[in-house]
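Here the structure is laid out as structure tokens; the discussion comes afterwards.
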Amino acid sequence: MNLDGVYDFYLHEKEGRIEEPKRKIMDAVAGDHKDDFKTFYPSPDDLNYLPMNSVLIGFQFTLKKPYTSRGESKFSENLIVRDQFTGLPMVRPSTWKGNLRFAATKLMGPKNPIIIRLFGSNPDSEDMIKGRLYFFPTFFKDGAENDVITPLKRETRTPARGPIPLEVMKPGAQGDFYLLYVPYPGNENFGDEIKEDLKLIAEALKLMFYTCGFSAKRTSGFGIIEKQLKGKLWMRGGVSKNFSNLHELSEILDGYGYEQH
């Protein structure tokens with residue numbers, strides 16, 4: 001079975017299991033049960049549907065700097081993105097992918113083969129290559145708050161224009177991040193590829209979350225998280241490891257031993 005078939009099967013099975021919870025969430029989202037949105041996240045058991053050496057990374061992070069995003073409102077692009085189903089402020093999977101690819105590219109360069117393996121081919125590429133990474137939405141239980149920023153001129157550091165109102169998630173807001181790695185297809189250098197992939201994933205996660213940020217205003221320092229977090233890594237076969245920061249995650253992935261097919 002090719003990767004598309006494996007992943008389609010995974011999605012089909014997952015969709016069947018969350019149809020009923022979807023209805024429950026719709027009833028509960030305005031109440032005190034907003035943690036039910038975690039039903040949409042992958043579980044360690046889901047790894048059994050995927051190829052050997054698949055890895056699931058999940059952690060709860062706390063914002064150190066504000067987070068904002070470009071909303072879809074017809075009246076203002078400064079409204080934060082919200083999930084249409086739950087109404088919760090969110091980070092889209094495509095946003096995670098774009099920001100992590102940006103961080104990985106800063107580390108390795110845009111044409112590095114590991115970048116293509118992990119994230120897939122560029123939109124303008126003639127070769128359509130599906131990446132090995134799969135991203136999931138992040139939902140914030142806390143409500144967004146109003147804030148203002150004043151753009152400054154680069155040369156004089158004086159206001160370039162008046163204050164701009166926008167919605168943000170303030171520092172202290174918490175969210176859950178999930179990342180799925182599916183190493184397929186393989187070749188004669190499969191083991192070396194996995195080690196290279198996981199090493200870059202670890203370094204890119206540290207750069208994105210601790211330095212670059214993942215917000216629409218990341219050049220202003222938005223979207224940075226606190227170093228301490230609550231995380232867990234699962235490997236197909238039942239192995240799991242806890243970590244409390246992304247440096248520990250990097251050590252775990254650096255010591256990962258892949259399994260032969």
Side-chain angles (χ1 to χ4, degrees), residues 14-15 18 21-43 56-103 133-151 163-180 204-205 207-232 246:
K14 190 70 174 174
E15 183 178 359
I18 67 175
K22 277 185 179 180
R23 287 192 288 269
K24 292 181 180 179
I25 295 172
M26 185 175 291
D27 295 333
V29 70
D32 298 325
H33 301 88
K34 290 189 177 182
D35 278 345
D36 288 346
F37 64 73
K38 293 184 179 180
T39 304
F40 295 112
Y41 293 145
S43 71
L56 175 63
I57 299 169
F59 57 84
Q60 182 184 79
F61 63 84
T62 302
L63 288 176
K64 182 177 181 180
K65 298 291 183 68
Y67 166 78
T68 189
S69 54
R70 293 184 178 91
E72 299 175 335
S73 170
K74 297 180 180 179
F75 302 102
S76 174
E77 65 174 12
N78 295 324
L79 296 178
I80 203 163
V81 170
R82 284 181 168 79
D83 176 50
Q84 293 182 354
F85 179 68
T86 64
L88 294 171
M90 68 176 296
V91 183
R92 293 192 186 100
S94 58
T95 298
W96 284 128
K97 182 177 182 179
N99 280 280
L100 191 62
R101 185 168 193 152
F102 173 81
L133 292 180
Y134 296 88
F135 298 81
F136 301 84
T138 291
F139 301 94
F140 293 103
K141 290 191 299 181
D142 299 323
E145 300 183 34
N146 295 322
D147 201 353
V148 294
I149 60 171
T150 302
I164 300 174
L166 73 164
E167 278 192 319
V168 301
M169 300 306 303
K170 288 294 187 71
Q174 295 183 327
D176 293 292
F177 174 83
Y178 281 86
L179 180 65
L180 178 65
L205 285 173
L207 183 60
M208 179 181 73
F209 278 110
Y210 290 159
T211 304
C212 293
F214 56 90
S215 176
K217 303 291 184 183
R218 68 185 179 206
T219 55
S220 300
F222 281 32
I224 302 294
I225 70 168
E226 299 284 358
K227 282 193 165 49
Q228 292 300 111
L229 45 80
K230 297 178 182 178
K232 195 161 190 173
L246 295 180

Does a side-chain heavy-atom distance below 4.5 Å link [X] with [Y]?
X	Y	answer
Phe136	Pro42	yes
Leu179	Leu133	yes
Met169	Asp142	yes
Tyr210	Ile225	yes
Leu63	Ile224	no
Val91	Phe140	yes
Met90	Thr138	no

* cation_pi(Lys230, Phe59) dist<6.0 Å, angle<=45 -> no
* To do: For the residue pair Trp96 and Phe209, categorise the inter-ring angle as parallel (less than 30°), tilted (30 to 60°) or perpendicular (more than 60°).
  => tilted
* Check the angle between the aromatic planes of Phe214 and Phe61 and answer parallel, tilted or perpendicular using the 30° and 60° thresholds. => perpendicular
* Asked: Can Thr62 and Glu226 be counted as having a side-chain donor-acceptor contact under 3.5 angstrom?
  -> no
* To do: May I ask you to decide if Glu167's main-chain N or O and Thr68's side chain share a donor-acceptor pair within less than 3.5 Å?
  => yes
Looking only at heavy atoms, which two atoms of [X] and [Y] are closest? And how far apart?
X	Y	answer
Gly213	Asn99	O-OD1, 3.8 Å
Ala144	Pro89	N-CG, 4.1 Å
Pro93	Pro137	CG-N, 3.6 Å
Ala103	Ala204	CB-O, 3.6 Å

What distance do [X] atom [atom1] and [Y] atom [atom2] have between them, rounded to the nearest 0.5 Å?
X	Y	atom1	atom2	result
Arg92	Phe135	CZ	CZ	15.5 Å
Phe177	Leu229	CZ	CG	11.0 Å
Ile57	Leu205	CD1	CG	6.0 Å

* Full working for side-chain contact (heavy atoms from CB on, under 4.5 Å) between Arg101 and Met208 -> CA-CA 9 Å; Arg101 185 168 193 152; Met208 179 181 73; over 6 Å; no
* Asked: For the rings on Tyr41 and Tyr178, is their centre-to-centre separation under 6.0 Å?
  -> yes
* Hey, mind stepping through Val168 and Phe222 against side-chain contact (heavy atoms from CB on, under 4.5 Å) and telling me if it holds? -> CA-CA 10 Å; Val168 301; Phe222 281 32; 4.2 Å; yes
